[in-house]
Novice: 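First, the structure itself, so that you have it in front of you.
Throughout, protein chains are lettered first and strands after them, A, B, ... in sequence-line order, and every chain is numbered starting at 1. These figures come from a predicted structure and were not determined experimentally.
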Amino acid sequence: MLEFTQSPHNDRETLFVEVILPLAIAKNYTYRVPYEMNASVMVGKRVVVQFGKSKLYTAIVASIGKLAPEKYEAKYIIEVLDDRPAVTHEQLHFWQWLAEYYMCNVGEVMNAALPSALKLASETKIELNKGFDFDKSALHDKEYLIVEALDIQPELTVSDITKLLGQKTVMPILKGLFEKNIIHISEEVSERYKPRTRTFITLNPVYNNQESLRELFTILEKRAPKQADAVLAYIKLSRHQKSISKTELIEESGAGAASIKSLEEKEIFIAEEKNVSRLFYEDDEIYESFELSEHQQSALFQVKKEFDDKDVALLHGVTSSGKTQIYIRLIEEMISTGRQVLYLLPEIALTTHIIERLRVYFGANIGIYHSRFNDGERVEVWQKVLNNEYKVILGARSSVFLPFNDLGLIIVDEEHETSYKQYDPAPRYNARDAAIFLANMHQGKVLLGSATPSFESYYNARIHKYGFAELTERYGGVKLPEIEVVSISEETKKKTIQSHFTSVLMGDINQAISNKEQVILFQNRRGYAPILMCKICAYTPKCINCDVSLTYHKSSGKLHCHYCGYKEDTPQICPACGSTHLEYKGFGTEKIEDELSILLPDARIARMDLDTTRSRNSLQAILNDLEEKKIDILVGTQMVAKGLDFADVTVIGIINADSLLKFPDYRANERSYQMLSQVSGRAGRRGKQGKVVIQTYDPGHRVIKQVIENDYVDLYLTEMEERRSFRYPPFYRIIKLDIKHKDPEIVQHQSNYLAKELQKQFGERVIGPEPPLINRIRNYYIQSIMLKFEKDSISISKAKAIIRDIITQFQTTKLSKGSIIQPDVDPY
DNA sequence: AGCACGCCGACT
DNA sequence: GTCGGCGTGCTC
């Protein structure tokens, strides 16, 4: 048995370490520690090891022991990379739990957890073994070629040799040369992370008085006006900031880099390279104070009371009820006791203004971590958390992997957001649930906050597993928006509807525009028209990969598949019958934008959906335009429901609510309610009550009623009833197995077979393979099998162990043929 | 995840 | 005959 230890070892004993490799392998591997590394090797440190023929990997030491493995000869550790552990004991425990819970390998968790700059690049280099004489004529052609090349260039990488020989398999040849002692294989691992430096400019202190400065100007203005501009810009900038970077100066002055350079040469400017933080320029520390309202006070009190005997509390607060201020109070209290706080937000909500708002309160104490950060920035945050330099971390789901050492509180804002769940590469984890485990490990508390809590969390609050607090009033006495439901069929009958806009909605839009207020129109579908259909033979173009109908995009003039991204030209004549009567059916944001601009030619209309926000800064650009009131009407998809806190929007129009009322999955009611109330919640800010117009063919729909009455309890009760009868969470736990392969027949065969195997163990808990039709995504065919366990009937970990067993057995049978089985636990 | 080995079909 | 395709199994 291997033991955990932290104390340095003496150099006599032989140590072995078990390491976690950043690969999808089931086991940890054991390596031997060279004596000289005995003192430096520690659990949590990164080590470089050779794994397989020639690959080097950065691995994490999981445990240290003294027993030599019996069945094989352990390889030596090549290098210990850290002076002190890069990963804490808590993290290792957390990784282990995550791997177990989400049925993946620890290596996969490691991959998700460590910024890739902390893993290292491996470049295998080949050199001639100098001082060794050999007979060149005894070599094969290829060996000779390699030796010749090495005579010219002393160092070649394996990929160089691959190119040189024009073949893929070079390893056997190199192995031969290596065994003949002709070449030398040196493996070099280089650190990828380098701190960022930036050039800062200061004015030579000689010019710190008015007189000499004026003198300088008169000289420069005549001879080099650009340089004078640069000096001027410097003085202007120096009024507001302490340090001025070269880039800023070039930007501000309009002078070129050459002008600055000659000023440096004349020693008027002094340039200095400084290591800068990749994150923020730590200058301003502004404090702003606010008072909690009475409602907020009592909600805060309630949360704290719940924390007395519960580890998790749910804060249900309507939109703009001031949840953030409650979070801030809790964070302040927590950091005053010296403990750390993690504030989780969905990626999309991590917009600059939220970050700024929090930075105002916490200044340099706050660290930010999300996917748009590059690797250098991530490593920097990682190191600072490890050093306890940050007290508060604001981040997206991956920030649960940071090396906290004393986490007192985790806030999961917008707790219901599905983007907390990672799907594509394993680990398929939900950061909200992982956060609860993480906090538990640190004996910290978790606050889940949402205006539309997920049913799992709401359920847990109702059964008093979680604490519960509520905020039913908007902050600052702002009233909840007035909601008007308009029947589309009625307006159609009365002929008062203009294209997709009812008279009620048009009235409100015009009203808002004349009041210089803004409008958001919501249509849950991008593109121009979701279906193109031949009027004669009813043919519709389908995606060649996914078999779903293609959406017409007017902006590109092409048909797009919203599933896989496939595009094709729009046919002018029907490919099936040759008729020219092709018709667009249905409508998306593009069409709404189009038709609205005809009806309201003077309005400034913008569109916000996946297509207009694809590039890096376009989302921010739209948000800025909205804030600067350069936009009157914004047409958008679900995207508009999120992160638009500051917009001065009074009217929200839901073009057709019906698409929101019938989601195909089991979360139908929950999602409908969430979408409707999130969109509605955007209406009315800054002291003005908003108006929401819901256009629908089904004005009496139960969820619409629930949204209008803000009746979460009623929603909860109906939803629970449905879930119980259809075997869904929270009464059931779901494990989904995805079978993925390039060949659909294999997928079919495999999933049927696997389902049969699982049925032997779990009987009718096995549902599927479903859907009956195989899904195709990109180049893969996917089919799922679901296992639904009544919540308290069988130990889930036992069930997982059995499933894991079946999968491994299954994969070793001849049937497998390389198909991939990915388990997904509790898919939300 | 790589990478080698082994088995097949298609080429100089 | 060998090159390269893919399927399979192993890596401390």
Novice: Is any side-chain heavy atom of A:T88 closer than 4.5 Å to a side-chain heavy atom of A:L386?
Specialist: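 When only atoms from C-beta onward are counted, A:L386 and A:T88 do touch, with a gap below 4.5 Å.
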Novice: Just the rounded figure in Å: distance from P of B:dA1 to CG of A:N105.
Specialist: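 Distance, rounded to whole Å: 9 Å.
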Novice: Could you state the atom-to-atom distance from CD1 of A:I20 to C1' of C:dC12 in whole Å?
Specialist: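 So the CD1-C1' distance, A:I20 to C:dC12, works out to 15 Å.
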Novice: Each nucleotide N or O in nucleotides 6-8 of chain B that has a protein N or O under 3.5 Å away: list the pair and distance.
Specialist:
none

Novice: I need the minimum non-hydrogen distance between A:A434 and A:F94, along with the two atoms involved.
Specialist: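 In this case the closest contact between A:A434 and A:F94 is O-CE1, 3.6 Å.
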Novice: Provide, to the nearest angstrom, the distance between the CZ atom belonging to A:F51 and the C1' atom belonging to B:dG2.
Specialist: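 Computing the A:F51:CZ to B:dG2:C1' distance gives 9 Å.
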Novice: Main chain of A:N405, side chain of A:Q340: is a donor-acceptor contact present, judged purely on distance under 3.5 Å?
Specialist: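 Confirmed, A:Q340 side chain pairs with A:N405 backbone.
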Novice: Hey, mind stepping through A:Y76 and A:Y35 against ring pair (Phe, Tyr, Trp, His ring centres under 6.0 Å) and telling me if it holds?
Specialist: CA-CA 10 Å; A:Y76 279 103; A:Y35 288 142; 8.6 Å; no
Novice: Provide, to the nearest angstrom, the distance between the OH atom belonging to A:Y76 and the C1' atom belonging to C:dC12.
Specialist: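 Atom-to-atom, A:Y76 to C:dC12, this comes out as 14 Å.
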Novice: I need the CD1-P distance between A:I64 and C:dC12, as an integer number of Å.
Specialist: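 Taking CD1 of A:I64 and P of C:dC12, I get 20 Å after rounding.
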Novice: Look at the side chain of A:Y57 and decide which nucleotide, out of C:dT11, C:dC12, B:dG2, has an atom nearest to it.
Specialist: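 Minimum distance to the A:Y57 side chain belongs to B:dG2.
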Novice: Looking across every strand, which nucleic acid part, if any, lies under 4.0 Å from A:K27 by heavy atom: base, sugar-phosphate, or nothing?
Specialist: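 If one applies the 4.0 Å heavy-atom cut-off, A:K27 turns out to touch a base.
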Novice: Taking CG from A:L23 and C1' from C:dC10, how many angstroms apart are they, rounded to a whole number?
Specialist: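 In whole Å, C:dC10 C1' and A:L23 CG are 12 Å from each other.
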Novice: Does the C:dC12 base have a donor-acceptor partner in the side chain of A:Y72 within less than 3.5 Å?
Specialist: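 Donor-acceptor pair under 3.5 Å: yes.
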Novice: Does either side chain, that of A:E100 or that of A:S797, offer a donor lying less than 3.5 Å from an acceptor on the other one?
Specialist: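 No.
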Novice: Charged N to carboxylate O below 4.0 Å: is that the case for A:E13 and A:K66?
Specialist: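 Salt bridge present between A:E13 and A:K66.
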Novice: Expressed as a whole number of angstroms, how long is the span from A:I25:CD1 to B:dG2:C1'?
Specialist: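 Result: 9 Å.
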Novice: Taking the side chain as every heavy atom from C-beta outward, state whether A:F762 and A:F789 have any pair of such atoms under 4.5 Å apart.
Specialist: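 Result yes, sub-4.5 Å side-chain heavy-atom pair found.
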Novice: Specify the separation, in whole Å, of atom NE2 of A:H741 and atom P of C:dC6.
Specialist: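 After rounding, the gap between these two atoms is 11 Å.
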